[in-house]
Engineer: 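Structure below; questions to follow.
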Number of protein chains: 2
Amino acid sequence: MAYIQQLLKGLIDPIILSLINQLPMYGYQIKKESEQRTAGYLKMKGGTIYPSLTRLERNGLVASRWKRTGKRRGRRYYQITEKGRQALSSSLAEWHDLCTAINKLTGEAGSCADTSQ
Amino acid sequence: MAYIQQLLKGLIDPIILSLINQLPMYGYQIKKESEQRTAGYLKMKGGTIYPSLTRLERNGLVASRWKRTGKRRGRRYYQITEKGRQALSSSLAEWHDLCTAINKLTGEAGSCADTSQ
DNA sequence: TACAATGCCTTGCATTGCAATATATTATAG
DNA sequence: CTATAATATATTGCAATGCAAGGCATTGTA
């Protein structure tokens, strides 16, 4: 198992939540967006994204609906809920705290992400 | 399971490696040091630290030796190896890359940790 | 004499990213 | 027209690891 996959544990849900928060998206779009925005660094697989979306919806953090554009195959669009926004905010706060702790332990560098989300 | 535990996946080994790199330590000392340096934020349990140390030693990233001070019970001290230093360096680089990616995806903030280790 | 703190260690659970795979549709190249 | 790639969703089961829970032994202290 690649090391990056371990580091990503617990981060996929907030990442997806954050993307959806900026704009409602469907699964494949999330995959492409995250790849582009990180210059190919983050390549999430279908076996990662869809279970995550299912999880988020089961917990009430996102809501989905089918949408057909012309004769195209339907896509399932996901949008964040109010509960999701709160969860995202607290997730990012936790992430920030963790970064602070890591910096303290490994030798100080700079802050990581702000909590003003 | 607490959320922080998910975020820590893959980070415990580098954290411990980093602490040992600064100063050879024994398990319980690692626990106390990490608690103090993060003002009580990071409380690693024995069930986390000892398996990690075993793992690190099995992979040749640390080496251990018993030491008795006076009539005190023996302590197992761990010190980093050359291989361990390289692994630490690459782990921190990965961590830095990840932080950069997260920042890009969640809305930009600042860098996380530098790689000059 | 208790009790807390120190110090090491093991077992098994909970969680989750993803490889592998399946299915269906659409666009494009040969 | 046909084959291939890209798009799009979804499931199954594996691999990895933090830690809760517990056990054990020693030392300091109230």
Side-chain angles (χ1 to χ4, degrees), chain A residues 1-17 25-36 41-59 61-62 64-78 91 94 98 101-102, chain B residues 1-17 25-36 41-59 61-62 64-78 91 94 98 101-102:
Chain A
M1 197 182 193
Y3 177 51
I4 179 68
Q5 296 175 12
Q6 285 301 324
L7 287 184
L8 281 173
K9 293 254 174 185
L11 281 174
I12 295 293
D13 286 9
I15 286 173
I16 290 181
L17 213 44
M25 293 186 189
Y26 53 95
Y28 196 73
Q29 187 181 8
I30 291 170
K31 175 183 170 65
K32 290 300 175 187
E33 273 289 321
S34 57
E35 270 186 46
Q36 283 172 22
Y41 176 77
L42 190 63
K43 293 181 197 283
M44 292 188 282
K45 305 303 158 54
T48 298
I49 293 176
Y50 295 107
S52 170
L53 287 170
T54 303
R55 206 157 48 218
L56 290 170
E57 186 159 37
R58 191 176 59 236
N59 295 335
L61 307 188
V62 302
S64 74
R65 64 185 197 289
W66 276 97
K67 210 188 220 171
R68 303 189 67 89
T69 310
K71 18 183 128 160
R72 259 202 111 64
R73 192 195 176 186
R75 292 159 167 170
R76 184 179 289 279
Y77 278 82
Y78 292 84
S91 292
E94 279 243 46
L98 176 62
I102 299 293
Chain B
M1 199 182 192
Y3 177 51
I4 180 67
Q5 297 175 10
Q6 287 301 324
L7 288 184
L8 281 174
K9 292 254 175 185
L11 281 174
I12 295 293
D13 286 8
I15 287 173
I16 289 181
L17 213 44
M25 294 187 189
Y26 53 94
Y28 195 74
Q29 187 182 5
I30 291 171
K31 176 183 170 64
K32 289 300 174 187
E33 273 289 321
S34 57
E35 271 186 45
Q36 282 172 23
Y41 175 77
L42 190 64
K43 292 179 198 280
M44 292 189 282
K45 304 303 159 57
T48 298
I49 294 175
Y50 294 107
S52 170
L53 287 171
T54 303
R55 207 155 49 220
L56 290 170
E57 187 159 37
R58 190 175 60 235
N59 295 335
L61 308 187
V62 301
S64 73
R65 64 185 196 288
W66 275 99
K67 210 188 221 172
R68 303 189 65 90
T69 310
K71 22 184 130 162
R72 259 202 110 66
R73 192 194 178 185
R75 293 159 168 170
R76 184 179 288 278
Y77 278 82
Y78 291 85
S91 292
E94 279 244 47
L98 177 62
I102 300 291

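The sequence lines fix the lettering, A, B, ..., with proteins before strands; numbering per chain opens at 1. Computed from a predicted model, the values in this text were never measured in an experiment.
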Engineer: Calculate the interatomic distance between B:I4 atom CD1 and D:dA20 atom C1'; express it in whole Å.
Structural biologist: 16 Å
Engineer: Looking at D:dT7, I'd like to know if its phosphate oxygens (OP1 or OP2) sit under 4.0 Å from a side-chain N or O belonging to A:R75.
Structural biologist: no
Engineer: Please give me the minimum heavy-atom distance between B:V62 and B:L17, naming the atom from each residue.
Structural biologist: CG1-CD1, 3.6 Å
Engineer: Quick one: is D:dC19 close enough that its OP1 or OP2 comes under 4.0 Å of any side-chain N or O from B:K43?
Structural biologist: no
Engineer: What's the shortest heavy-atom distance between A:Y41 and B:A101, and which atoms?
Structural biologist: CD2-CB, 3.5 Å
Engineer: What is the distance from CG of B:L53 to P of D:dG18, rounded to the nearest Å?
Structural biologist: 12 Å
Engineer: From the set D:dG18, D:dT7, C:dT6, return the single nucleotide nearest to any side-chain atom of B:Y28.
Structural biologist: C:dT6
Engineer: Starting at CZ of A:R58 and ending at C1' of C:dT16, how long is that distance when rounded to a whole Å?
Structural biologist: 11 Å
Engineer: Is there a side-chain polar atom (N or O) of B:T48 under 4.0 Å from OP1 or OP2 of D:dC19?
Structural biologist: yes
Engineer: Of all the nucleotides listed (C:dT16, C:dC18, D:dG18), which has the minimum atom distance to the side chain of B:L8?
Structural biologist: D:dG18
Engineer: Tell me whether the OP1 or OP2 atom of D:dG18 has a side-chain N or O from B:R55 closer than 4.0 Å.
Structural biologist: yes
Engineer: Among D:dC19, D:dT9, D:dA16, which nucleotide has an atom closest to any side-chain atom of B:I12?
Structural biologist: D:dC19
Engineer: Which of these nucleotides, D:dC19, D:dT17, C:dG7, is closest to any side-chain atom of B:Q5?
Structural biologist: D:dC19
Engineer: Just to confirm, is there a sub-4.0 Å distance from OP1 or OP2 of D:dT7 to any side-chain nitrogen or oxygen of A:R76?
Structural biologist: no
Engineer: Among the candidates D:dA20, D:dA15, C:dT10, find the nucleotide nearest to the side-chain atoms of B:P51.
Structural biologist: C:dT10
Engineer: Across the strands shown, which category fits A:G47 at heavy-atom distances under 4.0 angstrom: base, sugar-phosphate, nothing?
Structural biologist: base
Engineer: Does B:I16 reach the side chain of B:I12, with side-chain heavy atoms less than 4.5 Å apart?
Structural biologist: yes
Engineer: What is the separation between atom CE on B:M44 and atom C1' on C:dT6, rounded to the nearest whole Å?
Structural biologist: 17 Å
Engineer: For B:I49 and C:dC9, give me the distance from atom CD1 to atom C1', rounded to whole Å.
Structural biologist: 12 Å
Engineer: Is the shortest side-chain N/O distance from B:Y26 to OP1 or OP2 of C:dG7 below 4.0 Å?
Structural biologist: yes
Engineer: Give the nucleotide from the list D:dT9, D:dG18, C:dT16 with an atom nearest to the side chain of B:D13.
Structural biologist: D:dG18
Engineer: Kindly point out which of D:dA20, C:dT15, C:dG7 is positioned nearest to the side chain of B:K9?
Structural biologist: C:dT15
Engineer: Could you walk me through whether B:K43 and B:E35 pass the side chain to side chain contact (heavy atoms under 4.5 Å, CB included) check?
Structural biologist: CA-CA 6 Å; B:K43 292 179 198 280; B:E35 271 186 45; 3.8 Å; yes
Engineer: Give the minimum heavy-atom separation between B:Q29 and B:Y77, together with the two atoms involved.
Structural biologist: OE1-CE2, 4.3 Å
Engineer: Using heavy atoms to find the nearest nucleotide of DNA chain D for A:T54 and B:Q6 separately, return the residue whose nucleotide is more 5′.
Structural biologist: A:T54
Engineer: Quickly work out the B:I30 CD1 to C:dC8 P distance and round it to whole Å.
Structural biologist: 9 Å
Engineer: Can you give me the closest heavy-atom contact between A:K67 and A:R65, atom names plus distance?
Structural biologist: NZ-NH2, 3.6 Å
Engineer: B:I15 has an atom CD1; how far is it from atom P of D:dT17, in whole Å?
Structural biologist: 14 Å
Engineer: Grab the OH-P distance between B:Y50 and D:dA20 for me, whole Å please.
Structural biologist: 16 Å
